[in-house]
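This report refers to the structure that appears directly beneath it.
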Amino acid sequence: MTEKIDWQAEDKKYIWHPAMQMKDNEVFPPVLIDHAKGVYLYDTEGKPYLDIISSWWCNLLGHCNPEINEALKRQIDTLEHVIFTNFSHKPAIELSRELAELLPKGLTKFTYHDNGSSAVEAAMKMAYQYHNQTGHPERQKFMCLDSSYHGETIGALSVGSMDDYAGIFHPLLMDNIHFKGLDCYRCPYGKTRETCNIECFESAEEAFEKFGKETAACIVEPVLQGAAGMRMYPPAYLTKLRALCDKYGVLLIDDEIAAGFGRTGKLFAIEHAGVSPDILCTSKGLTAGYMPMSITV
Ligand SMILES: *Cc1c(COP(=O)(O)O)cnc(C)c1O
């Protein structure tokens, strides 16, 4: 006789779920997913759920996509992993080469990491190291948008403006510059999309005037701020920001982790603004949720 296991009780006993209040589990115990196909998840009783959050914005090509499954099975029987220092492999070179054709102009060097937050950390380190090695070690600050979200590690939290995630950790975070006023849905200037003249950009201008010379990079979620509540803002903001970054010698980091791979109608969201960033981060849709992987380009 097989023992009957209460998996929800076992879950409660062993698992800390991310980005949620565990007390909510008392009212909504986690749904136990058994298998998936296309846009549907199925629980252990076979009940289907339409995956409208695309498993946290990652799943762009359907669950258990036969083509991806086959490619992964082929790969895992050939080579599962190798040290990437002084060694290389064709799949990484091929992926980089193909992405270089698709990405905004000028983005041609690829460094691989294992999640979105790590890609952001790498971008911040790269920006600082670039300035350090080109005679500007004083450029140590970072700038970011109102209601920004760039991940959960300490550096990424430091360029996040959402206290839900960062609040308690403030004493540990870098002293960065957070622009104010970018909120089209509740525009503090009382404008609508039709009458908007990017009034909120004045906060960025003031910040650059004050801190532009000590700033390494400015990081943005392009056009779409996901974690803030799927907030959209006009591409013209990014066009202006690119020009301001150039004027002050500040690097522009484009966090396409959520918005990339077609989420906003262009392959990469910054294309709406017709500009290229200096550094671009991608993850989530990059693997369609199949594995933890990210690239800083
Ligand atoms: C999800 C997300 C991240 C963090 O990615 P993780 O893989 O969860 O570390 C960073 N930036 C944006 C815009 C995201 O949506």
Side-chain angles (χ1 to χ4, degrees), residues 15-20 51-61 95 103-104 107 110-127 142-167 169 172-174 176 178-179 182-184 217-233 235 237-238 241 251-273 277-297:
I15 308 233
W16 260 18
H17 291 276
M20 63 169 289
D51 186 6
I52 58 171
I53 197 172
S54 320
S55 289
W56 221 317
W57 323 336
C58 295
N59 192 302
L60 304 189
L61 300 168
L95 175 60
L103 284 159
L107 296 163
F110 297 75
T111 160
Y112 285 80
H113 313 283
D114 50 12
N115 62 68
S117 306
S118 305
V120 168
E121 298 284 336
M124 293 171 72
K125 287 170 71 182
M126 256 180 227
F142 293 88
M143 294 176 173
C144 57
L145 304 181
D146 207 344
S147 294
S148 52
Y149 178 83
H150 296 288
E152 301 290 337
T153 48
I154 296 294
L157 272 183
S158 297
V159 285
S161 308
M162 297 176 65
D163 274 352
D164 278 357
Y165 304 103
F169 302 108
L172 306 184
L173 305 184
M174 286 181 255
N176 288 327
H178 301 248
F179 304 159
L182 178 61
D183 183 355
C184 299
C218 178
I219 185 166
V220 297
E221 291 163 89
V223 181
L224 167 70
Q225 294 186 295
M230 296 300 164
R231 280 163 44 158
M232 307 289 297
Y233 66 92
Y237 189 100
L238 294 170
L241 190 60
L251 299 181
L252 181 61
I253 302 172
D254 177 23
D255 178 352
E256 298 264 359
I257 292 164
F261 291 101
R263 276 290 183 199
T264 66
K266 300 269 189 199
L267 196 55
F268 294 95
I270 201 162
E271 292 171 30
H272 289 285
D278 299 291
I279 302 175
L280 182 146
C281 303
T282 178
S283 188
K284 295 202 168 96
L286 174 67
T287 72
Y290 267 72
M291 58 184 72
M293 187 167 97
S294 63
I295 313 180
T296 308
V297 194

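Only a predicted model underlies this, so the values are computations on that prediction, with no experimental measurement involved. Atoms within each ligand, like the ligands themselves, are counted from 1 in listed order.
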Least distance between heavy atoms, Ile279 atom then Ala127 atom
CD1-N, 4.2 Å
Heteroatom distance test (Ser283, ligand 1): nitrogen or oxygen, under 3.5 angstrom
no
Identify the heavy atoms of Glu256 and Ile270 that sit nearest to each other, and give their distance.
OE2-N, 3.0 Å
Nearest protein heavy-atom contact for atom 5 (O) of ligand 1: which residue, which atom, what distance?
Gly116 CA, 3.2 Å
Which of the atoms of ligand 1 are close to Ala258, meaning less than 4.0 Å from one of its heavy atoms?
15 (O)
Ligand 1-proximal atoms of Lys284, by part, heavy-atom distance under 4.0 Å
side chain
Nearest protein heavy atom with distance in Å, relative to atom 11 (N) of ligand 1:
Asp255 OD2, 2.7 Å
Please could you name the atoms of ligand 1 that Gly151 approaches to less than 4.0 Å, counting only its heavy atoms?
4 (C), 10 (C)
Under the criterion side chain to side chain contact (heavy atoms under 4.5 Å, CB included), which of Thr296, Leu95, Leu103 is the partner of Phe110?
Leu103
Can you confirm, on distance only, whether ligand 1 has an N/O atom lying under 3.5 Å from any N/O atom belonging to Ile257?
no
Strictly by modelled atom types, are Thr153 and Glu121 linked by a side-chain donor-acceptor pair under 3.5 Å?
yes
Can you list the ligand 1 atoms lying under 4.0 Å from a non-hydrogen atom of His150?
10 (C), 11 (N)
Taking only non-hydrogen atoms of Glu221, do any sit less than 4.0 angstrom from ligand 1?
yes
Would you confirm whether Gln225, through its side chain, and Asp146, through its main-chain N or O, come within 3.5 Å as a donor-acceptor pair?
yes
Between Ser55 and Asp51, does any side-chain donor sit less than 3.5 Å from a side-chain acceptor?
yes
Within a distance under 4.0 Å of any heavy atom of Ser117, pick out the atoms of ligand 1 and give their elements.
4 (C), 5 (O), 6 (P), 9 (O)
Between the main-chain N or O of Ser158 and the side-chain N or O of Asn176, is there a donor-acceptor pair closer than 3.5 Å?
yes
Check contact between Trp57 and ligand 1, using heavy atoms of the residue and a distance below 4.0 angstrom.
yes
Taken to the nearest 0.5 Å, the spacing of His150 NE2 from Ile219 CD1 works out to 4.5 Å
